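Please read the structure below before turning to the comments.
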Number of protein chains: 4
Amino acid sequence: MVNKTPAAKAPDATRRNERSRRAILDAALEIVGEVGFTKLTIEAIAARAGVGKQTIYRWWPSKAAVLLEAVVPEGLDPLTVELPDTGDIEADLRTVLRGTVDELNNPKLDAPTRALSAETQNDPELGRQLVERILEPQLQAYVRRLRSAQEAGQIAEGIDLRIALELLVGPLFHRWHTRTLPLTHDYADTVAELALRGLTPR
Amino acid sequence: MVNKTPAAKAPDATRRNERSRRAILDAALEIVGEVGFTKLTIEAIAARAGVGKQTIYRWWPSKAAVLLEAVVPEGLDPLTVELPDTGDIEADLRTVLRGTVDELNNPKLDAPTRALSAETQNDPELGRQLVERILEPQLQAYVRRLRSAQEAGQIAEGIDLRIALELLVGPLFHRWHTRTLPLTHDYADTVAELALRGLTPR
Amino acid sequence: MVNKTPAAKAPDATRRNERSRRAILDAALEIVGEVGFTKLTIEAIAARAGVGKQTIYRWWPSKAAVLLEAVVPEGLDPLTVELPDTGDIEADLRTVLRGTVDELNNPKLDAPTRALSAETQNDPELGRQLVERILEPQLQAYVRRLRSAQEAGQIAEGIDLRIALELLVGPLFHRWHTRTLPLTHDYADTVAELALRGLTPR
Amino acid sequence: MVNKTPAAKAPDATRRNERSRRAILDAALEIVGEVGFTKLTIEAIAARAGVGKQTIYRWWPSKAAVLLEAVVPEGLDPLTVELPDTGDIEADLRTVLRGTVDELNNPKLDAPTRALSAETQNDPELGRQLVERILEPQLQAYVRRLRSAQEAGQIAEGIDLRIALELLVGPLFHRWHTRTLPLTHDYADTVAELALRGLTPR
DNA sequence: AGTTAAGCGAGACGGTACGTCTGGTCTTGCC
DNA sequence: GGCAAGACCAGACGTACCGTCTCGCTTAACT
């Protein structure tokens, strides 16, 4: 399928100007970092990128969509994501959760990430894309690692690994989202420990 | 403290028109339910409420602030919140998490709640208020109930109850926020069970 | 009955606060001199005069009416106006027209006078009042002086003195109104001379 | 000179939409005739003309400027204006002043003309433009006709023709402006006669 | 002397319009 | 045909004033 609506006339992607595309994505990231998502405007992006507004409207449906593409790691994300597997599930989870904490604390990513996170509440379609292209691949990697642990007898049989995963990442996102308390490595460790304790066989 | 900025001249709250206030809050809730937060405008609220725009700007700093006040249960929320305490911590948590699931699934609350949740990402001050006035009182109730269970020996000593609480509610909010999978009573039960399993003494 | 319109409730003028009245007139004159008539607002007058807005609305129908009252020489204008009569009509007219030129060039009166002059175009009722209370008494004084000259044989019989008067003052007001060329004593003299030349008997 | 302020970025006049321009001018004239200048608003013009407000603000600095352009005869006014020259100066002036009286009595032109006349008092720059683009060309035509009469010996040498002109038109504008007495052909004739009498050689 | 009814300062209110900003579309001319 | 540029229609923004309406408070005048 090429067009959602029959009347839509899709632009010819082969003639697309890659320089303009990069300039737009870079400008969007810069501006969102400077003034926040609310004051990020298509006009400002176009001006900063030295680009006509139509060039943005031609390729993206909204400023959030631009930001989404700007945030997605350029080359290879979809399925390449993999968690470490040393055989020690708790150690591996600590490592990963600490990494997640570090990412969430990264000030350069903070503005666009929060902006996108916010916008998904108002724009479910955007949310679907963000989940599909960024979140879900990572969650699947968790599931695969947990399955490996389950097969090794480190996690009780019969446990829904999807829920297990949410037990691990839910607390981190909750704290990030509400800004109630700081996200630290200690916190990551404790979450990993307590969650795992609920998952291990008795 | 009376004024944030010395130059600000606060309006006289004793002269405030309560009818207008209610009309504004009601109109905001109605409109956000109809067209979503992005298309909710101050002008539309004023028009629907039969009120001048200035009357909104006089008392609220943003449409999000209006919505916040509209969503807060009118009379008595701050500390009255209390969780059931039957002595059976798992049963009580199931009850409460099921209730939370029901609230999150309530279509009438969905639009304003997501709108506020989103806006807190762009407006930290709003987030602070939302946490302080709505979220934190409820979380504290969790902490009190968990402490009671801890004292009854149902939860291991030395466990940080704040983190315990996040283990319970984090997964629910994560699923609500990402719209990945449905929020059901079964899900609430499973989360309660697995989280508690990690908290109980060995 | 005291009221023109049955519904109108006239305020009791005997209880009027003279201090407030003066403060309002003074404030209006000050502000119009500072920012011009367009930016003269009732609110600004009230604020500067330390007066409630209602006190202005109670006694005047518009900001132009305030200005009109502020500009009218306080005590004695209506019929006291009299032109000099030395027996030499040309000399007397030169004196008077030079005086008019001086008044029109007075920078303190310029702003309010132009403002009122302008407003009469949009508000004929105001124009009627301004003519009746300020302009007409002066014009009548001209007519009386011209009649005296006519009776002395210095002005031809049969000449409409109303038109004669307009021949004298019309050019001055035209030049003042259009700001085309400067208003000088020389100009006043020349107008008096040429106009009179058209009025004298052959 | 291109820009008054160096920072101003002038819009590209070659891209201007002529249909919008005409619609705006027509709408302004209509509305001013219906409700008067004070209640003429930019918003109403835009709405009636089916035009965005910005399109008005882009090309005109004020509603008065719009009206000025709307009132200026479209094609060819600047120097084409010429008074009749039959050789009989008094007859010619009667013709012209009668024509002026008719124009000033034209009810369709009355509202916008009075509005502009009024506005020039508050906005000297507008006054300058109105004089330059409308009034002065006509006055110059008077001067040329008077010079022709002077050269024919019908007007005394040494008379300042600029002042002579003001003797003729000043009275008419004074009466129009003050609305004291009606403007009739008889009045025009009398003014022409008396003024000329003052100008002719003895 | 006590009551009562205005005028008064203050400012909240329902409105209208302001002049600006941005959204999203359309047009022009360059490449 | 993509693109930079930017004019265009549309409409929300947040502000300024409008003219009306309470609210207490003075401040007479009239019991």
Side-chain angles (χ1 to χ4, degrees), chain A residues 9 11-17 19-21 23 39-47 49-59 61-63, chain B residues 9 11-17 19-20 23 38-47 49-59 61-63, chain C residues 9 11-17 19-21 23 39-47 49-59 61-63, chain D residues 9 11-17 19-21 23 39-47 49-59 61-63:
Chain A
K9 39 180 173 179
D12 181 347
T14 65
R15 308 193 67 176
R16 186 166 185 184
N17 184 334
R19 284 171 61 84
S20 295
R21 180 178 158 277
K39 292 188 194 158
L40 171 69
T41 66
I42 299 276
E43 301 220 322
I45 299 174
V51 140
K53 293 195 323 183
Q54 197 65 294
T55 302
I56 301 180
Y57 285 112
R58 182 154 34 232
W59 301 109
S62 68
K63 63 181 181 177
Chain B
K9 40 179 171 181
D12 182 345
T14 68
R15 294 214 162 175
R16 187 164 184 186
N17 185 332
R19 285 172 60 84
S20 295
T38 304
K39 291 189 195 157
L40 171 69
T41 67
I42 300 275
E43 298 218 324
I45 298 174
V51 140
K53 291 199 304 180
Q54 201 57 46
T55 301
I56 300 180
Y57 285 112
R58 183 156 29 233
W59 300 110
S62 66
K63 63 181 182 177
Chain C
K9 39 178 173 180
D12 181 347
T14 67
R15 308 192 72 178
R16 185 166 186 185
N17 184 334
R19 284 171 60 82
S20 294
R21 180 177 158 278
K39 291 189 196 159
L40 171 70
T41 67
I42 300 277
E43 299 218 324
I45 298 174
V51 139
K53 294 194 319 182
Q54 200 57 44
T55 302
I56 300 181
Y57 285 112
R58 188 176 301 118
W59 301 109
S62 67
K63 64 178 181 177
Chain D
K9 40 179 173 179
D12 182 346
T14 67
R15 293 217 163 173
R16 187 164 185 185
N17 184 333
R19 285 171 60 84
S20 295
R21 181 178 157 276
K39 291 188 195 160
L40 171 69
T41 66
I42 299 276
E43 299 217 324
I45 298 174
V51 140
K53 294 199 305 180
Q54 201 56 46
T55 302
I56 300 181
Y57 284 111
R58 180 154 36 232
W59 301 110
S62 67
K63 62 180 182 178

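Remember, predicted model here, so these are calculated numbers, not experimental data. In the text below, chain A, chain B and the rest are named by the order of the sequence lines, each starting its count at 1.
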Between the protein and nucleotides 15-18 of chain F, are there any N/O to N/O pairs under 3.5 Å, and if so, what are the atom names and distances?
from   : atom 1 : to    : atom 2 : distance (Å)
F:dC18 : OP1    : C:I42 : N      : 3.1
F:dC18 : OP2    : C:I42 : N      : 3.2
F:dC18 : OP2    : C:E43 : N      : 3.1

Quiz item: What heavy-atom pair brings B:K63 and B:T38 nearest, and what distance separates the two atoms?
Solution: NZ-O, 3.5 Å
Quiz item: Is any side-chain N or O of D:T55 closer than 4.0 Å to OP1 or OP2 of F:dA7?
Solution: no
Quiz item: Which pair of heavy atoms, one from C:W59 and one from C:A13, lies closest together, and at what distance?
Solution: CH2-CA, 3.8 Å
Quiz item: How long is the gap from CD1 on A:I45 to CD on A:E43, to the nearest 0.5 Å?
Solution: 10.5 Å
Self-check item: Toward the 5' end of DNA chain F, by each residue's nearest nucleotide, D:G52 or A:W59
Solution: A:W59
Quiz item: For atom CZ of D:R58, is the number of surrounding heavy atoms from other residues, nucleotides or ligands below 6.0 Å larger than 12?
Solution: yes
Self-check item: For A:I56 against A:A46, the heavy-atom pair lying closest together
Solution: CD1-N, 3.8 Å
Quiz item: Along nucleotides 25-31 of chain F, 5' to 3', which nucleotides get a B, which get an S, and which get a -, given that the test is a protein heavy-atom distance under 4.0 Å?
Solution: --BB---
Quiz prompt | First encountered from the 5' end of DNA chain F, between A:A46 and A:D12 | solution = A:D12
Quiz item: Could you state the CD1-C1' distance from B:I45 to F:dA12, rounded to the nearest angstrom?
Solution: 12 Å
Quiz item: Does E:dC13 have OP1 or OP2 sitting under 4.0 Å from an N or O in the side chain of B:S20?
Solution: no
Quiz item: Has A:R16 got more than 12 heavy atoms of other residues, nucleotides or ligands less than 6.0 Å from its CZ?
Solution: yes
Quiz item: Where the side chain of C:N17 is concerned, which of E:dA12, E:dG9, E:dC8 is the nearest nucleotide?
Solution: E:dC8
Quiz item: Base, sugar-phosphate alone, or nothing: which one does A:R58 contact when heavy atoms must sit under 4.0 Å apart?
Solution: base
Quiz item: What is the distance from CD1 of A:I56 to P of E:dT25, rounded to the nearest Å?
Solution: 13 Å
